[in-house]
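See structure below.
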Amino acid sequence: MIIYLESKLSLEEIRSILFEGAILKLSDKAKDNINRSYEFLKSFSSDKVIYGINTGFGPMAQYRVDDRFLKELQYNIIRSHSTGAGKPLDDIFVKAAMIARVGTLVQGYSGVHLSVAELIVEFINRGIYPMIPSHGSVGASGDLVQLAHIALTLIGEGEVHYKGEWRSTADVMKENNLKPIQIYIREGLCITNGTSMMSGIAAVNLIHSQKLFNHSIMASALVNEIASSYDDFLTHELNASKHHEGQILVAQKMRDILEGSQCTLCRAKELYDNSHSNTTTFGHKLQPYYSLRCVPQILGPIYEEINNAIRIVENEYASACDNPIVDYRTQNVYHGGNFHGDYISYEMDKLKIGITKMTMLAERQLNYLCHDRINGILPPFVNLGILGLNYGVQACQFTATSTTAESQTLSMPNSIHSIPNNNDNQDIVSMGTNSAELTNMVIENAYQVLAIHFMTIIQAVDCLKIQDKLAPATRKVYEELRSIVPVFVEDSIKYKDIENIISYLKN
């Protein structure tokens with residue numbers, strides 16, 4: 001599959017490039033935009049003072065750079081800013097960041113030579129991933145340090161991850177018959193300046209968030225089958241009266257999933273036929289706990305936030321996010337702050353709060369299944385063995401609880417953690433890449449908790465022997481999970497099972 005980049009990529013197209021091996025190519029219009037911006041800047045900049053072309057960078061912008069050193073200036077920003085620390089970012093984040101960088105260049109506001117975009121596209125399609133440390137960006141002036149590590153490899157220096165090995169960039173480029181970019185006018189500043197790193201991580205986060213959202217709905221449907229919940233909490237009439245798109249959609253999805261279930265109860269048939277007019281105490285809970293009954297109200301806002309974040313990230317991928325903006329259309333160069341990452345930072349903060357709330361929902365549903373005095377139908381910790389001798393998922397719940405607690409701590413908004421730096425030139429910053437990375441940690445935690453939750457769910461199904469009463473959709477998930485983790489009675493090591501379920505949920 002080939003995806004032609006003209007001006008804007010959808011998250012679905014980004015997903016295809018990242019996870020399905022789709023090939024990225026520049027459209028003729030995209031190439032024309034880049035060329036026209038470059039040709040305009042070449043003529044416009046010859047006798048003018050323009051930031052980062054014939055001046056220093058940041059607070060050093062007050063110093064004019066002699067024309068003899070203009071190419072050296074561009075190399076200097078790349079090499080001087082390749083100062084990241086910490087473990088290298090995963091290939092998937094680096095690839096997503098490179099896609100975002102090309103998305104900026106094709107807008108035709110960067111004034112760089114076409115060869116820059118073409119080489120980045122070659123890296124993307126050939127699986128050549130620059131070594132980018134996880135720490136370094138404050139998210140205003142963009143992701144200077146981390147993008148400098150990309151730029152470093154484009155000039156043939158530094159290291160890349162290629163076919164599972166860390167290797168010299170120069171060797172890998174030679175092996176692939178690729179040549180380093182040349183410096184023409186402002187290639188160094190352009191590549192390092194912008195929001196592409198945070199945008200790349202954000203895109204990957206959103207792809208996983210969509211998966212987690214759907215898994216959370218499925219788990220919630222299964223738990224309500226186990227509990228034999230009354231089904232009116234999912235009716236269109238009830239949920240439409242709240243006027244929230246997300247709530248209505250979640251209820252509809254759960255109704256579709258539960259179609260054909262013999263486990264949930266119809267309130268009208270069970271309680272509205274006057275047969276209980278003299279009943280004073282009900283054995284079956286008239287209204288389930290909130291973690292079962294309020295799923296549309298809890299997951300609905302998360303659905304809406306995911307969609308809003310997708311809109312923001314898609315726009316950022318298609319934005320000119322460097323400085324200055326080179327506009328061949330108006331024949332001018334504009335200095336400003338399009339590199340500031342608050343759009344991404346705010347959305348990642350909101351997203352991680354949503355994913356943490358989703359994780360909390362799973363943890364509470366897990367607690368319902370484990371707590372025999374609450375559910376009233378299952379042995380403690382869904383223990384199918386001998387009570388006291390065997391322990392079921394008791395220790396698995398410890399892991400889920402501690403992991404959920406960690407996510408709650410990580411959910412403190414990071415976008416408000418601005419620290420002035422750069423001689424106070426950058427006096428208020430976004431911390432957008434930190435926000436995106438913390439969100440990824442919360443997402444990984446959510447997969448772990450959901451894996452334990454699903455393991456417990458299928459144990460509960462076997463305990464109650466309701467496999468044949470499940471809805472076709474939930475029965476299918478039950479059977480797929482059982483092919484990964486067989487029913488267990490005796491105590492056994494579970495960390496590998498958790499890993500296998502996480503792999504299933506991701507893939």
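The first residue of the sequence shown is numbered 1, and numbering continues consecutively from there.
A salt bridge links Lys506 with Glu444; the closest basic N to acidic carboxylate O contact falls under 4.0 Å.
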>> With side-chain contact (heavy atoms from CB on, under 4.5 Å) as the criterion, how do Leu258 and Asp231 come out once you've worked through the C-alpha distance, each side chain's angles and the decisive distance to 0.1 Å?
In response: CA-CA 9 Å; Leu258 291 169; Asp231 61 6; over 6 Å; no
>> Please determine whether side chain to side chain donor-acceptor pair (under 3.5 Å) holds for the pair Asn205 and Thr439, giving the CA-CA distance in whole Å, both sets of side-chain angles, and the decisive distance to 0.1 Å.
In response: CA-CA 7 Å; Asn205 287 345; Thr439 301; 4.6 Å; no
>> Evaluate Met348 against Leu351 for side-chain contact (heavy atoms from CB on, under 4.5 Å), listing each step before the verdict.
In response: CA-CA 5 Å; Met348 288 299 98; Leu351 182 65; 3.7 Å; yes
>> Applying side-chain contact (heavy atoms from CB on, under 4.5 Å) to Leu222 and Leu470, what does each step give before you reach the verdict?
In response: CA-CA 8 Å; Leu222 273 160; Leu470 296 174; 4.2 Å; yes
>> Run the side-chain contact (heavy atoms from CB on, under 4.5 Å) test on Met455 and Lys494 for me, step by step, so that the C-alpha distance in whole Å, both residues' side-chain angles and the decisive distance to 0.1 Å come before the verdict.
In response: CA-CA 10 Å; Met455 180 193 296; Lys494 286 286 167 282; 3.7 Å; yes
> After noting the C-alpha distance and the side-chain angles of Glu347 and Lys350, does the key distance pass the salt bridge (Lys or Arg N to Asp or Glu O under 4.0 Å) rule?
Replying inline: CA-CA 5 Å; Glu347 290 308 315; Lys350 289 188 286 183; 2.9 Å; yes
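Residue pairs meeting the side chain to side chain donor-acceptor pair (under 3.5 Å) criterion with at least one partner in residues 19-30, sequence neighbours excluded, are Arg15-Glu20. The list of salt bridge (Lys or Arg N to Asp or Glu O under 4.0 Å) pairs with a residue in residues 396-410, not counting sequence neighbours, is empty.
The backbone N or O of Gly385 sits less than 3.5 Å from a side-chain atom of Asn383, completing a donor-acceptor pair. In this structure a side-chain-to-backbone donor-acceptor pair under 3.5 Å is missing from Gln247 to Ala240. Checking side-chain atoms of Asn176 against main-chain N and O of Val172 turns up a donor-acceptor pair under 3.5 Å. At least one donor-acceptor pair under 3.5 Å links the side chain of Thr456 to the backbone N or O of Ile452. A donor-acceptor pair is defined here as one N or O able to donate and one able to accept, closer than 3.5 Å; no such pair exists between the side chain of Ser503 and the backbone of Glu499. Listed for the Arg482 side chain is a donor-acceptor partner under 3.5 Å among the backbone atoms of Ile458.
Counting heavy atoms from C-beta on, the side chains of Met197 and Ser137 never come closer than 4.5 Å. A heavy-atom distance below 4.5 Å is found between the side chains of Lys253 and Phe213. Using a 4.5 Å heavy-atom threshold, the side chains of Pro130 and Leu152 count as separate. Looking at Asn224 and Phe233, their side chains come closer than 4.5 Å, going by heavy atoms from C-beta outward. Side chains of Glu122 and Ile128 form no contact here, defined as non-hydrogen atoms less than 4.5 Å apart. A heavy-atom distance below 4.5 Å is found between the side chains of Leu369 and Leu378. Looking only at side-chain heavy atoms (C-beta outward), Gln459 and Val487 come within less than 4.5 Å of each other. The closest side-chain heavy-atom distance from Val295 to Gln365 is below 4.5 Å.
Residues Glu304 and Asn308 have side chains that never bring a donor and an acceptor to within less than 3.5 angstrom of each other. Side-chain polar atoms of Asp349 and Ser415 form a donor-acceptor pair below 3.5 angstrom. Defined by atom type and a distance below 3.5 Å, a donor-acceptor pair is present between the side-chain atoms of Ser411 and Thr356. Using modelled atom types and a 3.5 Å distance limit, the side chains of Ser345 and Ser435 yield a donor-acceptor pair. Donor-acceptor pairing under 3.5 Å is lacking for the side chains of Thr399 and Gln448. For the residue pair Thr195 / Glu316, a side-chain donor-acceptor distance below 3.5 Å is found, with atom types taken as modelled. A side-chain donor-acceptor contact under 3.5 Å links Tyr303 and Asn307. Defined by atom type and a distance below 3.5 Å, a donor-acceptor pair is missing between the side-chain atoms of Thr474 and Lys476. Under 3.5 Å, the side chains of Lys352 and Asn440 contain no donor-acceptor pair of N or O atoms.
A cation-pi contact, defined as under 6.0 Å to the ring centre and within 45° of the axis, links Lys211 to Phe19.
In this structure, Tyr447 and His208 have perpendicular ring planes: the angle between them is above 60°, well past the 30° mark.
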